[in-house]
Trainee: 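So that we are looking at the same thing, I have put the structure below in structure tokens.
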There are 2 protein chains.
Amino acid sequence: MGRRSLHTADELRELIISASTELIQESGLGGLSAREIARRINYSPGTLYNSFENLDDLVLTIEGRLLDDLLEALSAVPKGGDPRERVHRLAACYLSFAADNPKLWNLLFEHYIPDAHGVPESYRQKFEALLEKVEDALRPLAGGLGADEIKRSARVLWAGVHGLSSLSAADKLSVIDADEARTLLDDLVRNYLAGFERTRSA
Amino acid sequence: MGRRSLHTADELRELIISASTELIQESGLGGLSAREIARRINYSPGTLYNSFENLDDLVLTIEGRLLDDLLEALSAVPKGGDPRERVHRLAACYLSFAADNPKLWNLLFEHYIPDAHGVPESYRQKFEALLEKVEDALRPLAGGLGADEIKRSARVLWAGVHGLSSLSAADKLSVIDADEARTLLDDLVRNYLAGFERTRSA
DNA sequence: ACCTGAACACCGTTCAAGT
DNA sequence: ACCTGAACACCGTTCAAGT
């Protein structure tokens with residue numbers, strides 16, 4: 001048949017991305033296949049390889065967008081008010097983001113790149129941007145603590161929030177009940193902050 | 001050719017499990033394939049299905065053993081001494097277990113069962129057993145707190161430790177440096193315990 | 001009873017050939 | 001330039017046939 005040009009290159013790219021995202025939302029990374037994407041967008045499998053290097057490239061693109069969305073959601077958390085309250089709100093935002101679309105969220109952690117070094121630099125940067133938001137929220141509570149200690153605390157607290165979020169998003173082991181997750185999250189943040197603020201004044 | 005009986009049913013089962021475990025250690029869940037397992041143990045692919053229902057069944061078996069090993073490692077943590085120290089040691093044990101064999105560890109969280117309800121009950125029980133160990137360690141620090149609150153705190157603290165462990169085991173986003181993980185873990189436990197003990201006396 | 005190997009319905013990816 | 005569809009090297013799983 002040859003060329004059809006029903007869509008521009010950009011349109012086709014978006015078509016592929018949105019079909020893939022739906023597929024992942026339906027049945028996770030395991031439900032994603034080049035041939036199934038092609039079927040859904042009415043192109044032949046080979047066409048995907050004009051827009052993306054391979055499936056890993058496509059998945060990394062989707063993951064990048066997911067991180068952008070997360071950053072945007074975190075940015076929407078209001079800045080004023082009680083500093084502790086703000087940390088709680090950021091954590092709750094992170095939890096909701098994971099809970100709202102567990103399959104898509106898990107993508108970030110179940111998808112492996114064989115080459116190991118293959119994770120794009122932009123990826124790391126987005127995670128750093130996320131951590132900076134936590135650091136900003138901790139700073140008003142940090143008293144005389146140095147920048148390094150704030151950095152470390154942000155990482156620790158965020159990792160904790162992440163653990164809770166990912167356990168509640170992974171239905172496999174329902175150790176963390178979804179309804180209960182918010183209560184547990186507040187407990188984690190409250191107790192961690194108590195120790196954090198105590199360190200400051202020690 | 002037909003029957004060979006080079007191995008008993010049990011031996012064959014173990015052969016399959018150990019070949020699979022090696023395969024996962026080498027290249028993760030993605031590197032596991034029925035045909036490759038068969039190649040390595042010198043049987044035809046069909047033979048696997050005499051020992052296991054399917055690949056998911058095999059993987060769940062491996063995961064069950066992994067949880068047993070983790071419980072055993074946690075049980076080896078000495079019981080006496082400073083209660084806070086004990087919590088730190090349990091956390092460190094958990095972290096090491098994940099770090100020692102990241103690919104195998106990640107199996108627990110990247111492997112999905114399509115049927116959803118498919119997670120065996122023994123699975124949940126093993127996680128509960130794990131949480132009981134944390135509860136036992138928290139109890140001496142809990143003062144007048146009720147059993148429910150201890151239960152909740154164990155879940156929260158464990159989820160936090162899990163987040164740190166899984167982020168450091170997942171090389172994808174090297175936000176948590178492996179060498180630094182132990183420091184961060186101690187920070188998490190120390191700060192959380194500070195809040196936990198404060199609640200008790202409030 | 002146990003194991004094989006062909007068969008079926010799938011994959012990801014490449015690439016010559018067509019428009 | 002863009003897209004197709006056949007081709008290649010893989011999958012998981014089943015099952016008739018063989019010993």
Side-chain angles (χ1 to χ4, degrees), chain A residues 1-17 19-24 26-63 107 110-116 118, chain B residues 1-17 19-24 26-63 107 110-116 118:
Chain A
M1 317 238 172
R3 86 142 104 197
R4 298 194 306 182
S5 272
L6 292 177
H7 302 96
T8 65
D10 274 356
E11 282 170 346
L12 187 51
R13 210 168 195 274
E14 290 307 317
L15 228 48
I16 294 169
I17 289 175
S20 306
T21 305
E22 281 169 28
L23 226 34
I24 293 167
E26 287 166 24
S27 37
L29 183 57
L32 191 71
S33 100
R35 297 177 118 105
E36 181 59 27
I37 297 164
R39 249 170 249 133
R40 293 205 178 188
I41 64 172
N42 259 293
Y43 276 85
S44 88
T47 303
L48 301 195
Y49 296 82
N50 291 332
S51 301
F52 297 93
E53 252 182 62
N54 50 39
L55 276 192
D56 279 332
D57 180 27
L58 166 59
V59 171
L60 280 172
T61 304
I62 292 173
E63 289 175 311
L107 191 62
E110 60 176 314
H111 176 237
Y112 280 104
I113 300 101
D115 311 350
Chain B
M1 318 237 171
R3 85 142 105 196
R4 299 193 304 180
S5 272
L6 292 178
H7 303 96
T8 66
D10 274 357
E11 282 170 346
L12 187 51
R13 209 167 195 274
E14 290 307 317
L15 228 46
I16 294 169
I17 289 175
S20 306
T21 304
E22 280 169 28
L23 226 34
I24 293 167
E26 287 167 25
S27 37
L29 183 56
L32 190 71
S33 100
R35 297 179 117 103
E36 181 60 26
I37 297 165
R39 248 169 251 134
R40 294 205 177 188
I41 65 172
N42 259 293
Y43 277 86
S44 86
T47 303
L48 302 195
Y49 295 82
N50 291 332
S51 301
F52 298 94
E53 254 183 61
N54 51 39
L55 275 193
D56 278 333
D57 180 26
L58 166 59
V59 171
L60 280 172
T61 304
I62 292 173
E63 289 175 311
L107 191 62
E110 61 176 313
H111 176 236
Y112 280 104
I113 300 101
D115 311 351

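Both backbone and side-chain heavy atoms feed into the values below; hydrogens, waters and symmetry mates do not. Naming: A, B, ... by sequence-line order, numbering from 1 per chain.
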Trainee: So if I take every side-chain heavy atom of B/Leu12 and compare against D/dC3, C/dC3, D/dT13, which nucleotide ends up nearest?
Mentor: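 Looking only at heavy atoms from C-beta outward on B/Leu12, the closest nucleotide is C/dC3.
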Trainee: Starting at atom CG of B/Leu6, determine the distance to atom P of C/dT4, rounded to an integer number of angstrom.
Mentor: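 Value for this atom pair: 9 Å.
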Trainee: A/Ser44 has a side chain; which of C/dT4, D/dG5, D/dT13 sits nearest to it?
Mentor: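 In terms of side-chain proximity for A/Ser44, the closest of C/dT4, D/dG5, D/dT13 is D/dG5.
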Trainee: Checking contacts here: which listed nucleotide (C/dC3, C/dT14, D/dG12) is nearest the side-chain heavy atoms of B/Arg35?
Mentor: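 The nucleotide sitting nearest to the side chain is D/dG12.
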Trainee: Can you check whether A/Thr47 has a side-chain N or O nearer than 4.0 Å to OP1 or OP2 of D/dT4?
Mentor: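 Answer yes for this pair, as a side-chain N or O of A/Thr47 is under 4.0 Å from OP1 or OP2.
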Trainee: Given C/dG12, D/dT13, D/dC2, which nucleotide is nearest the side-chain atoms of B/Leu55?
Mentor: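 Of the options given, the side chain of B/Leu55 lies nearest D/dT13.
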Trainee: If you find the nucleotide of DNA chain C closest to B/Gly46 and the one closest to A/Pro45, which residue's nucleotide is nearer the 5' end?
Mentor: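 Result of the comparison: B/Gly46.
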Trainee: Is there a side-chain contact between B/Ile16 and B/Arg13 in this structure, where contact means two heavy atoms from C-beta onward sitting under 4.5 Å apart?
Mentor: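 No, too far: nothing below the 4.5 Å cut-off.
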Trainee: Looking at D/dA17, which nucleotide sits across from it as a Watson-Crick or G-U wobble partner, both distances under 3.5 angstrom, or is there none?
Mentor: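 Pair assignment: D/dA17 / none.
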Trainee: Using a cut-off of strictly less than 4.0 Å, decide whether B/Ser33 has a side-chain nitrogen or oxygen near OP1 or OP2 of D/dC11.
Mentor: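 Answer is yes, contact under 4.0 Å.
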Trainee: Find out whether A/Leu6 and A/Glu11 are in side-chain contact, i.e. whether some heavy atom of one side chain is under 4.5 Å from a heavy atom of the other.
Mentor: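 Result no, sub-4.5 Å side-chain heavy-atom pair not found.
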Trainee: Using whole Å, report how far CG of A/Leu48 lies from C1' of C/dC15.
Mentor: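 The distance from CG of A/Leu48 to C1' of C/dC15 comes to 15 Å, rounded to the nearest Å.
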Trainee: Contact class for B/Leu58 (heavy atom, under 4.0 Å): base, sugar-phosphate, or nothing?
Mentor: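 The answer is nothing, as B/Leu58 stays clear of every strand by at least 4.0 Å.
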Trainee: Provide the Watson-Crick or G-U wobble partner of C/dC3, both distances under 3.5 Å; none if there is no partner.
Mentor: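 Pairing partner: none.
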Trainee: Which part of the nucleic acid, if any, lies within contact of A/Arg13, taking any heavy atom under 4.0 Å across all strands shown: a base, the sugar-phosphate backbone alone, or nothing?
Mentor: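 Nothing: the residue A/Arg13, judged by heavy atoms under 4.0 Å, touches no strand.
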